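Every chain is numbered from 1, with letters handed out A, B, ... down the list of sequences. None of the values given here were measured: they were computed from a predicted structure.
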Amino acid sequence: MTLDDAIRLTEILLGFAFVQQSLEHLVANYAERLLFSARLLLAVLLIIGFQTVWTSALLLLLGLLMLLRFQGPYNGGADRMGLLILSCLCLVAIAPTQQWKEVAFGYLAVQLVLSYFISGWVKLVNKDWRNGRALRDVFQFSAYPVSESLRRWVAYPRLLLLMSWAVILFELLFPLALLSTIGLLIVLVVAAVFHFANACLFGLNRFFWIWIAAYPSILWFQQRFVIIALSH
Amino acid sequence: MMRRCFREDNNKTVHRMFKTVRLLLPALIPSWNFFDIIAPSPRVQFALLDSEHEMPQEWREFRPRPDHVSILQMLGRLFWNAKWNESMYVVSCAERIMEQPTKHSEDEILGRIIGDLNEKLLNSLQESSAYLQFRLVIVERQGDDTHQDIVFYSRVQPILTAP
């Protein structure tokens, strides 16, 4: 995948993620509707490829306004990932040379890898995650489970222990996927399934769409740097 | 006088810029420590009052989760999950209040409850009540059981004048 292809694919996927988010706000109050209508329009422009540099810059500006409006992200990590992708796209656009463009877009790929690895690491060093207690807490009393019936999963500690270690190992070993082209594709599919499960169980639908939008960067990064380095 | 106004305007602009950078920085250099610890979890409960000085009698949970969500509903929510995401934002505001109460977070929660009342989602409760108050209850684990504590009471808000 060339840098230009990866950037274009990122713009399209990000556009769709923003359309999905923005539509959800069109039933909110007037001020919110106004902000997100503008975002919806810009997201459509990004998808069709109209003046993508200016469109990305305006989307970033709108993102800053939203941070001020909500005094922080509306949807935590999903909003932050959206801003990170937008910032990288804007940096790519203003980068003076091809090398700096690659640095800016490579930063997104590195952050994507870190998003899994660090999440796995902070769980591994926590005793409650290692013995399954933390995931039981998530189901027992956190705000995330989408239904009361899911809270009853707390009665299956062995299953939750297994799930805890599956998540920890998957997140920690994610960077190793960079070593193989096929391996990375498989791991990205598994990662998407992981986000899909989070969307179903905890209602985190925006994470699913926005993390997928960052995947082209890692596909490009692997071909541009890792595979070349390994072949030498 | 004009110079002082100019300086105050400048200070406000600098403050706003600093605040924007402070809000943007975690997106540019993220920590990615998702679910590192499972902190005590806030619940928003509200009471409807007939008068400003009435003592709340009955507290109700704001948007209690349903007993069951079907697979089909979960799939649909992948594309449209507006209410749930708004509820998660309310939880964020509650967590911010637990860290440090701000008028913004209090207004946001009051506004969302009033929004539901206006949408008639809670019309069976509204009746003739003119005022609203919410409180935050934190749920945490103690041993194998969960324990609840009330940590915050909002101001009493007239329902007709949303914050």
K.L.:
Side-chain contact test, heavy atoms from C-beta onward, threshold under 4.5 Å: evaluate it for B:R65 versus A:Y144 and give yes or no.
P.N.:
no

K.L.:
So for B:I71, is it side chain, backbone, both, or neither that comes closer than 4.5 Å to the heavy atoms of chain A?
P.N.:
neither

K.L.:
Measuring heavy-atom distances to chain A, does B:D107 have an atom under 4.5 Å in its side chain, in its backbone, in both, or in neither?
P.N.:
neither

K.L.:
Please determine whether a side-chain nitrogen of the Lys or Arg among A:R151 and B:D67 lies less than 4.0 Å from a carboxylate oxygen of the Asp or Glu.
P.N.:
no

K.L.:
As an exercise: rank B:N81, B:V69, B:L28 by heavy-atom pairs under 4.5 Å with chain A and give me the winner.
P.N.:
B:N81

K.L.:
With a 4.5 angstrom heavy-atom cut-off, is it the side chain or the backbone of A:Y74 that approaches chain B, or both, or neither?
P.N.:
both

K.L.:
Any side-chain heavy-atom pair from B:F35 and A:V122 closer than 4.5 angstrom?
P.N.:
no

K.L.:
Quick check: do B:D36 and A:N126 have side-chain heavy atoms less than 4.5 Å from each other?
P.N.:
no

K.L.:
CZ of B:F34 to CZ of A:F207: how many Å apart, nearest 0.5 Å?
P.N.:
5.0 Å

K.L.:
Checking heavy atoms, do the side chain of B:W84, its backbone, both or neither come under 4.5 Å from chain A?
P.N.:
side chain

K.L.:
So, B:E108 and A:R69, do they make that salt bridge, N to O below 4.0 Å?
P.N.:
yes

K.L.:
At a 4.5 Å cut-off on heavy atoms, which part of B:H104 comes close to chain A: side chain, backbone, both, or neither?
P.N.:
side chain

K.L.:
Is there a side-chain contact between A:F141 and B:I38 (heavy atoms, below 4.5 Å)?
P.N.:
yes

K.L.:
Side-chain contact, heavy-atom cut-off 4.5 Å: A:Q71 with B:T102?
P.N.:
no

K.L.:
Nearest 0.5 Å, please: how far is CG in B:L24 from CZ in A:R80?
P.N.:
10.0 Å

K.L.:
In terms of ring plane angle, is the pair B:Y89 and A:F70 parallel, tilted or perpendicular, where the classes change at 30° and 60°?
P.N.:
perpendicular

K.L.:
Is it the side chain or the backbone of A:W209 that comes within 4.5 Å of chain B heavy atoms, both, or neither?
P.N.:
side chain

K.L.:
When rounded to the nearest 0.5 angstrom, what is the spacing between CG in A:L67 and CZ in B:R22?
P.N.:
10.5 Å

K.L.:
Top residue by heavy-atom pair count (under 4.5 Å) with chain B, among A:V125, A:D79, A:L64, A:L201?
P.N.:
A:L64

K.L.:
Going by heavy atoms in the side chains, are A:N205 and B:N85 under 4.5 Å from each other?
P.N.:
yes

K.L.:
Please report the interatomic distance CD(A:E24) to CH2(B:W80), rounded to the nearest 0.5 Å.
P.N.:
6.5 Å

K.L.:
Is B:E86 close to chain A through its backbone or its side chain, or both, or neither, when contacts mean heavy atoms under 4.5 Å?
P.N.:
both

